[in-house]
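Heads up, the thing below is written out as structure tokens.
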Amino acid sequence: MKSIKNKIRRPFLILLILIPLATLVLFNISLRIYLNAAAKNELKATIHAVEKVIKSELETDGGTPTEKRALEMARNILSALKSSHFSQGMDFYLLDINSSPVFPAKTKLTSSQTAFLNVISPKIDQMKERTVYTIPVNGKKYFTIAYTMNSDDLSNMIAVFALPTEHINKYLAAVNQILVVIMLLGILIAIYLSERIAAHITTPITKLSSLSLEIGQGNFDASHFTIPQDTIEFKQLYENISLMVGRLEAYDKNQKTFLQNASHELRTPLMSIQGYAEGIESGIFPDTKEAAQIIKRESIRLNELVSELLTLSRYESGTYKPQWEEVNLCHLLKDYTQRLMGLSAKSNKTIELNLPEYDVMVQIDDMLLSQTVMNIVSNCLRYAKKNVTISLEKTAETISLKISDDGDGIPEADIPFIFDRFYKGKNGNFGLGLAIAKSAAELLNGKITAYNQGKGAVFEISF
């Protein structure tokens, strides 16, 4: 398994090495083709220059066709070549009709010139005039061109021009040395840059990895971590992790508080049940019927609490999948009101229902909506003096359901926490009703808020 650093560095280095190498190879091939073509053109241009020299010699001195005269003219040709830019490394030979060297003389030939003539002499007859040939001699290559000097003064002698490719190879070697040095410098710079870039990327990731490990171990303090702020993505990632840490910390605290409150709420009826059961068992209570009634009442309370815990757990864990259906919201609210009439009559309070004159059709889950509405209405009936009102309004964009009471309202300090699980405000009771209502409303893609208006509290559900 590769690290991020290696995954960044390796392709970066491969790319920066292969590109210069490919460039070097292609440059060498292109430059060699160009130089070879230039050298061949140089040889052809040399013939043109020689023709001018010969013409000039013949016009100024029209001597006889003797070898002495030919040698003199060859010297003049060589002198003319050396004074031009065509002569760099070029050899000039003058051969007789038998391909024997007339110029330079055999006694003045170097070993390399002798080797060249030994190779070229048998091929003179097969060589086309004004055509450049590549002649290998002892591991060296020569661009060669032969030219028959059809002149009475030169007795049909053959001029041979040979340009060794050594100067081309030396030039390419010098260019390659420069390119290799540049390439090595580029590789060193690439290694340095890849290290810096890889470190710039991996260092924040390593820090964030350590941060996530600490979060997993329950340490939510991220203040001692510093992440570079010069990269937008890392800055956003750190901010998102910080936001996540805050939410996890709050969730962790809520869970602990929830467990403590749930334990307290469960322990109270259990202790009551246990106490009365032990009293019956030991014969402390002469009237066991009353003790049994208390046990029954506490058992019902305990069963309701467990049921509420299970309901809330299903909503918050996401295991409950809403069953959407299109219904008339006015008809549903009438049904919910009928169900709550017994509770309102028991508390000597009334429920008033204000509905629009038109039907309000909506995609809804009946169970979730009933949990929301009935839990809020039950809460309002507990604190209302005489009346609870349910109002339905529809606009072009939203549907608003308001449930209000005529009680003393919600203390301002309690409003931010009223939907928390087991939250107990002033003169309030521990419970899960409003927490269940909030979770159910959110599953309906709705929003629930609480506030005071005039006299009494208002709970508004909007879809």
Side-chain angles (χ1 to χ4, degrees), residues 28-29 31-58 63 65-173:
N28 270 269
I29 294 173
L31 185 60
R32 183 173 290 278
I33 292 172
Y34 170 77
L35 291 176
N36 288 345
K40 292 178 181 179
N41 291 331
E42 184 176 325
L43 282 174
K44 293 179 181 180
T46 300
I47 294 177
H48 184 67
V50 168
E51 289 175 341
K52 287 185 178 181
V53 172
I54 293 172
K55 184 178 180 181
S56 176
E57 289 287 333
L58 294 176
T66 62
E67 186 173 304
K68 183 178 180 181
R69 174 73 185 117
L71 290 174
E72 183 65 26
M73 187 170 287
R75 292 189 187 97
N76 291 338
I77 291 171
L78 186 61
S79 176
L81 288 174
K82 288 184 177 180
S83 64
S84 71
H85 66 281
F86 300 112
S87 62
Q88 298 178 4
M90 186 182 296
D91 289 329
F92 169 69
Y93 304 93
L94 192 61
L95 307 180
D96 61 19
I97 197 169
N98 297 318
S99 300
S100 297
V102 175
F103 178 86
K106 285 186 178 182
T107 57
K108 295 183 178 181
L109 291 173
T110 64
S111 59
S112 61
Q113 289 176 327
T114 301
F116 173 78
L117 289 175
N118 290 336
V119 173
I120 198 68
S121 294
K123 300 179 180 181
I124 286 294
D125 294 337
Q126 288 80 31
M127 294 175 64
K128 294 181 181 180
E129 292 195 2
R130 302 177 184 272
T131 301
V132 179
Y133 292 89
T134 303
I135 306 297
V137 179
N138 295 335
K140 297 182 180 180
K141 291 183 180 181
Y142 295 83
F143 292 132
T144 306
I145 192 168
Y147 174 63
T148 302
M149 307 179 75
N150 295 319
S151 169
D152 293 338
D153 289 344
L154 296 180
S155 305
N156 293 322
M157 291 188 180
I158 300 173
V160 178
F161 301 89
L163 181 64
T165 60
E166 285 184 352
H167 71 287
I168 296 177
N169 294 332
K170 290 179 180 179
Y171 179 75
L172 284 173

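Closest non-hydrogen pair, I158 versus A146, comes out as CG2-CB, 4.3 Å. In terms of heavy atoms, P136 sits closest to V119 at O-CG1, 4.1 Å.
The ring pair (Phe, Tyr, Trp, His ring centres under 6.0 Å) test with F116 is passed by exactly one of Y93, F161, F143: Y93.
With a 4.5 Å cut-off on side-chain heavy atoms, M127 and T144 count as touching. In this structure the side chain of V160 reaches within 4.5 angstrom of the side chain of I124, judged on heavy atoms.
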Run the side chain to side chain contact (heavy atoms under 4.5 Å, CB included) test on V137 and I120 for me, step by step, so that the C-alpha distance in whole Å, both residues' side-chain angles and the decisive distance to 0.1 Å come before the verdict. CA-CA 9 Å; V137 179; I120 198 68; over 6 Å; no
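Around CG of N138, the count of heavy atoms belonging to other residues, nucleotides or ligands within 6.0 Å does not exceed 12.
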